[in-house]
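Data block below; observations after.
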Amino acid sequence: MTSRLKIGVLPTFDELPSFHNFKGCAWDVWGKDDELGTINLLTPDVVARAAQEEIRLGRTVSLNWPIHFPSRPVFGRKIPSITTFGKYGPTIPVRDDIIHINTQSGSQWDGLKHYGLTEHNVFYNNTPAETLSEGEMELHDPSEIDYLKVKLGMHNWANHGICGRGVLLDVVRYYTANGEALPYDPWTTHPITVAELGAIAKKQGVEFRQGDILLLRVGFIQKYYASTNEAKADLRGGPEKETFAGIEQSEDMKRFLWNNHFAAIASDQPSLECWPAPTGTQLHQTILGLYGMPIGEFFDLEALSELCQETGRYTFFFTSWPLNILGGAASPPNAAAYF
């Protein structure tokens with residue numbers, strides 16, 4: 001399924017209407033029945049241009065951390081359980097797996113049902129929270145799906161695909177390329193500013209264009225590999241341990257994300273935005289709730305960083321096909337970069 005929305009000249013952030021006390025409401029841009037949000041920007045022309053320009057070497061990189069990690073998820077999410085077994089006993093060469101995970105315990109897209117405007121109790125496109133179903137999603141007939149059970153679900157992005165030009169802003173390499181230490185700890189509250197992102201893009205020779213999928217390497221996974229098992233386990237120590245670097249909560253950041261008209265944004269951090277966020281300032285509310293823009297977290301960008309450095313290219317063809325979860329709030333991304 002491809003968006004059939006005709007994309008004209010898009011309004012700037014300051015031209016968007018407000019929703020109560022929130023500036024920058026993009027619901028009218030995409031239409032009152034829309035369930036794709038900024039994925040509408042990934043038109044056939046945008047995807048075709050990205051594929052033609054970016055796939056030159058035939059080299060590919062997975063952007064998915066193994067679903068086992070982190071082995072002790074943050075924010076109180078379920079510990080992944082992956083069981084593999086011989087279906088007819090250990091000596092018969094037939095095996096199955098059983099996987100129990102929270103779709104946001106590791107590499108993930110936050111969907112439109114994940115986070116809304118908490119002060120006003122609505123999700124994207126002014127959808128009242130109480131109108132969305134919850135509980136066991138028992139569905140039997142694919143041709144008879146109750147729309148209210150699946151509204152704003154991940155299946156919309158899964159059927160469309162999140163494919164286009166990817167752009168990596170390698171914050172870690174920007175600061176450490178000449179042997180310097182990273183000037184912040186990815187596991188502590190630290191804001192990444194608009195000015196920093198602009199400086200990194202300039203140094204990498206990147207010019208953004210409408211529909212780009214923006215990836216930020218901030219350093220969580222790099223530090224995870226370098227840390228002891230005790231330090232890894234300690235991340236699950238509750239809110240006082242859930243402190244992470246991420247993009248700053250500011251009006252300038254909201255403008256940056258909207259005015260560049262990114263189709264999606266992701267990072268290698270547990271939270272895209274600096275965490276914890278001051279009460280009422282959570283960017284998830286604006287990015288998901290007002291823009292309809294996918295938020296990716298725990299993307300494994302280590303190998304991508306190396307290939308970008310090797311090739312001198314920080315743009316590439318990006319694909320992501322989330323799990324087709326009818327009514328799902330989130331999904332592993334199943335993402336890759338192509339050079």
Side-chain angles (χ1 to χ4, degrees), residues 3 5-43 46 108-127 129 151-154 156-157 160-162 164-167 169 192 194 197 208-216 246-267 271-274 277 280-297 318 320 322 329-331 333:
S3 170
L5 188 69
K6 291 188 176 180
I7 308 296
V9 177
L10 296 174
T12 66
F13 176 83
D14 292 304
E15 291 170 340
L16 291 171
S18 295
F19 179 74
H20 296 292
N21 53 323
F22 283 84
K23 296 179 181 178
C25 181
W27 299 340
D28 290 342
V29 173
W30 312 122
K32 64 182 181 64
D33 297 320
D34 177 66
E35 298 187 49
L36 289 176
T38 53
I39 295 305
N40 281 294
L41 295 169
L42 298 174
T43 63
V46 166
Q108 67 190 263
W109 284 121
D110 290 348
L112 299 182
K113 284 176 70 172
H114 167 55
Y115 215 104
L117 299 152
T118 56
E119 179 182 344
H120 303 290
N121 298 320
V122 297
F123 286 102
Y124 175 69
N125 236 342
N126 206 20
T127 303
K151 185 177 181 181
L152 299 184
M154 286 300 302
N156 294 295
W157 293 344
H160 184 284
I162 302 175
R165 191 178 83 147
V167 175
L169 294 187
I192 306 296
V194 171
L197 297 181
F208 302 126
R209 66 189 191 207
Q210 183 169 297
D212 278 347
I213 297 152
L214 180 63
L215 307 180
L216 307 176
I247 59 175
E248 65 179 354
Q249 289 93 6
S250 69
E251 295 298 292
D252 282 346
M253 185 60 73
K254 294 176 185 178
R255 286 187 181 87
F256 171 79
L257 296 178
W258 177 260
N259 289 345
N260 280 298
H261 301 308
F262 298 119
I265 181 171
S267 86
S271 174
L272 170 71
E273 60 183 297
C274 177
T281 68
Q282 296 93 337
L283 282 178
H284 276 58
Q285 297 186 97
T286 291
I287 299 173
L288 289 171
L290 295 180
Y291 298 170
M293 183 183 293
I295 290 177
E297 290 156 340
F318 174 96
S320 170
S331 170

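Since we're looking at a predicted model, the values are computed, not measured.
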message = Nearest 0.5 Å, please: how far is CD in Gln282 from CG in Leu288?
response = 12.0 Å
key: Within-4.5 Å side-chain heavy-atom neighbours: Leu197 and Phe208   = no
key: Atom of Trp27, atom of Cys25 and distance for their closest heavy-atom approach   = CD2-SG, 3.2 Å
ask   = Are side-chain heavy atoms of Tyr115 and Ile287 found at a separation under 4.5 Å?
value = no
task = Not counting sequence neighbours, which residues clear side chain to side chain contact (heavy atoms under 4.5 Å, CB included) with Glu251? List them please.
result = Phe13, Lys23, Lys254, Arg255
ask   = For Ile162, does its backbone N or O pair with a side-chain atom of Ser320 as donor and acceptor, under 3.5 Å?
value = no
ask   = Hey, mind stepping through Asn126 and Phe19 against side chain to side chain contact (heavy atoms under 4.5 Å, CB included) and telling me if it holds?
value = CA-CA 9 Å; Asn126 206 20; Phe19 179 74; 3.6 Å; yes
message = Any non-hydrogen side-chain atom of Leu257 less than 4.5 Å from a side-chain atom of Ile247?
response = yes
inquiry  = Counting C-beta onward and ignoring hydrogens, is there a side-chain heavy-atom pair between Asn260 and Asp212 closer than 4.5 Å?
reply    = no
task = Measure the shortest side-chain to side-chain distance between Leu41 and Trp30 over non-hydrogen atoms and say whether it is less than 4.5 angstrom.
result = yes
request  = Return yes if some donor-acceptor pair links the side-chain N/O of Gln285 with the main-chain N/O of Leu117 below 3.5 Å, else return no.
outcome  = no
message = Contact between Asp252 and Phe256 at the side-chain level, heavy atoms closer than 4.5 Å - yes or no?
response = no
task = Please examine the side chains of Trp157 and Leu36, heavy atoms only from C-beta on, and report whether any two atoms are closer than 4.5 Å.
result = yes
Polar side-chain atom of Glu35 near backbone of Leu152 as donor-acceptor pair, under 3.5 Å = yes
request  = Could you check whether the rings of Trp258 and Tyr291 sit parallel, tilted or perpendicular, using 30° and 60° as the cut-offs?
outcome  = tilted
inquiry  = According to ring-ring contact (aromatic ring centres under 6.0 Å, His included), who are the partners of Phe123, at least two apart in sequence or on a separate chain?
reply    = none
task = Ignoring hydrogens and angles, tell me if any N or O in the side chain of Thr286 forms a donor-acceptor pair with the backbone of Leu283 under 3.5 Å.
result = no
Test item: Asn125 side-chain N/O and Asp34 main-chain N/O as donor-acceptor pair under 3.5 Å = yes
query = Is Glu248 reaching over with its side chain to a backbone N or O of Cys274, donor-acceptor style, under 3.5 angstrom?
reply = no
query = Is it true that a side-chain atom of Gln249 and a backbone atom of Thr281 form a donor plus acceptor pair closer than 3.5 Å?
reply = no
